[in-house]
Amino acid sequence: MDDIVRQALLKWPDVPDCRGWLHLTRRGAWRVPTGIIHHAGLSAFIGRNYGADETGRWFFQNGPQKVFVSLEYTPYVLRLRSDGSLETHTGLPVDALQAGWLDDDGSLLLDSEHGIGLLDDRDLAAMAEGLEGNPDSAEPLHLRWRDTRVSIGRLKRAEVSARFGFLAEPT
């Protein structure tokens, strides 16, 4: 969290929360009612001050105000970088993958040290090059990424938020 945000929390501790204004898209873009936020500095500020509370609601700490985020899918969106590494939509490097899942729509979810993240669909074809097994069969699947072999399970999209402990639509 930015120091300026910490200072604002101390100065104004009782600012009401905001809901229904900020959304995270499936491709890791921040969206407000007027559209996608394209300003790199503002996106980075939101990303640095993004976190979750104990109930699984994700929010952006905007000074003294919590701005709860409506998630189009998962709390993180993962992107494949040109060197083959992964990073979150907030710019955090992914150093390890524990497991992965294909959902019933063919989306790839990966569990890293940051938690569950949806792989950006624009990176799916490149990441699928490391897939071992046939996604259309019941046989086990694995993903080779860097020097690791990650087990890939299957799950239904409707089960994702409960399984990984987050609320897609905070109330």
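The figures here come from the full heavy-atom set of this structure, side chains too, leaving out hydrogens, waters and symmetry mates. Here the structure is a predicted model, which means the values were calculated and not measured.
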query = Does Leu155 belong to the same Ile/Leu/Val/Met/Phe/Trp/Tyr cluster as Leu143, with side-chain heavy atoms less than 4.5 Å apart forming each link?
reply = no

task = Could you tell me whether Arg79 and Asp123 make a salt bridge, using a distance below 4.0 angstrom between a side-chain N and a carboxylate O?
result = no

request  = Work out which heavy atom in Ala52 is nearest to a heavy atom in Phe59; give both atom names and the distance.
outcome  = C-CE2, 3.5 Å

query = Does Thr90 have any side-chain hydrogen bond (donor to acceptor under 3.5 Å, both in side chains) partners at least two apart in sequence or in another chain, and if so, which?
reply = Thr88

ask   = Looking only at atom types and distance, does a side-chain atom of His142 sit under 3.5 Å from a main-chain N or O of Arg149, one as donor and one as acceptor?
value = no

request  = Apply side-chain contact (heavy atoms from CB on, under 4.5 Å) to the pair His89 and Ser43, showing each step before the final yes or no.
outcome  = CA-CA 10 Å; His89 72 283; Ser43 291; over 6 Å; no

remark   = The reported gap from CZ in Phe45 to CD in Gln61 (rounded to nearest 0.5 angstrom) is 9.0 Å

message = Show the nearest heavy-atom pair for residues Ser70 and Pro170, with the distance to one decimal.
response = CA-CD, 4.1 Å

task = Drop me the distance from Leu118's CG to Thr74's OG1, to the nearest 0.5 angstrom.
result = 5.0 Å

query = Taking Asp121 for the side chain and Arg27 for the main chain, is one N or O donor matched with an acceptor at less than 3.5 Å?
reply = no

remark   = Sequence neighbours excluded, the answer for side-chain contact (heavy atoms from CB on, under 4.5 Å) partners of Ser82 is none

key: Residue pairs, two or more places apart or on separate chains, that pass salt bridge (Lys or Arg N to Asp or Glu O under 4.0 Å) and touch residues 83-98   = Arg81-Glu87

task = Determine the minimum heavy-atom distance between Pro16 and Gln65, stating which atoms define it.
result = O-NE2, 3.0 Å

remark   = CG of Leu97 to CG of Leu78, rounded to nearest 0.5 Å, is 7.5 Å

Between CG on residue Asp111 and CD1 on residue Ile116, distance to nearest 0.5 Å = 5.0 Å

key: Minimum side-chain heavy-atom gap Val32-Trp21 below 4.5 Å   = yes

ask   = For Pro135, does its backbone N or O pair with a side-chain atom of Arg154 as donor and acceptor, under 3.5 Å?
value = yes

request  = Mind listing the closest non-hydrogen atom pair of Met127 and Leu86 along with its distance?
outcome  = CE-CD1, 3.7 Å

ask   = Between Lys66 and Arg57, is any pair of side-chain heavy atoms under 4.5 Å apart?
value = no

ask   = How far does CZ of Arg157 sit from CG of Asp104, to the nearest 0.5 angstrom?
value = 9.0 Å

ask   = Is a donor on one side and an acceptor on the other found under 3.5 Å between the side chain of Ser112 and the backbone of His114?
value = yes

query = Looking only at heavy atoms, which two atoms of Leu24 and Val69 are closest? And how far apart?
reply = N-CG1, 3.8 Å

task = With sequence neighbours left out, write down each residue that passes side-chain contact (heavy atoms from CB on, under 4.5 Å) with Ala29, or none if nothing qualifies.
result = Thr25, Ile36

request  = Tell me whether Leu119 is reachable from Leu131 by hopping between hydrophobic residues (I, L, V, M, F, W, Y) whose side-chain heavy atoms are closer than 4.5 Å.
outcome  = yes

remark   = Residues at least two apart in sequence or cross-chain that pass side-chain hydrogen bond (donor to acceptor under 3.5 Å, both in side chains) with Ser107, listed by chain then number, are Arg26

request  = Determine, stepwise, if the pair Trp101 / Val160 fulfils side-chain contact (heavy atoms from CB on, under 4.5 Å).
outcome  = CA-CA 10 Å; Trp101 294 266; Val160 172; over 6 Å; no

request  = For the pair Trp145 (side chain) and Gly84 (backbone), establish whether a donor and an acceptor sit closer than 3.5 Å, ignoring hydrogens and angles.
outcome  = yes

ask   = Same hydrophobic cluster for Leu110 and Phe164, using side-chain heavy-atom links shorter than 4.5 Å among ILVMFWY?
value = no

task = Quick one: pull up NE2 in His23 and CZ in Phe68 and give me the separation to the nearest 0.5 Å.
result = 14.0 Å

key: Side chains of Asp103 and Tyr73 in contact at under 4.5 Å (non-hydrogen atoms)   = yes

ask   = Once the angle between the rings of Trp30 and Tyr50 is folded into 0 to 90°, is it parallel (under 30°), tilted (30 to 60°) or perpendicular (over 60°)?
value = perpendicular

key: Single-linkage hydrophobic cluster, 4.5 Å side-chain cutoff, Leu102 and Leu80 together   = yes

message = Which residues pass the ring pair (Phe, Tyr, Trp, His ring centres under 6.0 Å) test with Phe166, not counting sequence neighbours?
response = none

remark   = Heavy atoms of Arg146 and Ser85 approach each other most closely as NH2-CB, 3.0 Å

request  = Please assess Ile46 against Leu22 for the test side-chain contact (heavy atoms from CB on, under 4.5 Å), listing each intermediate value before the final yes or no.
outcome  = CA-CA 10 Å; Ile46 294 170; Leu22 184 61; 4.2 Å; yes

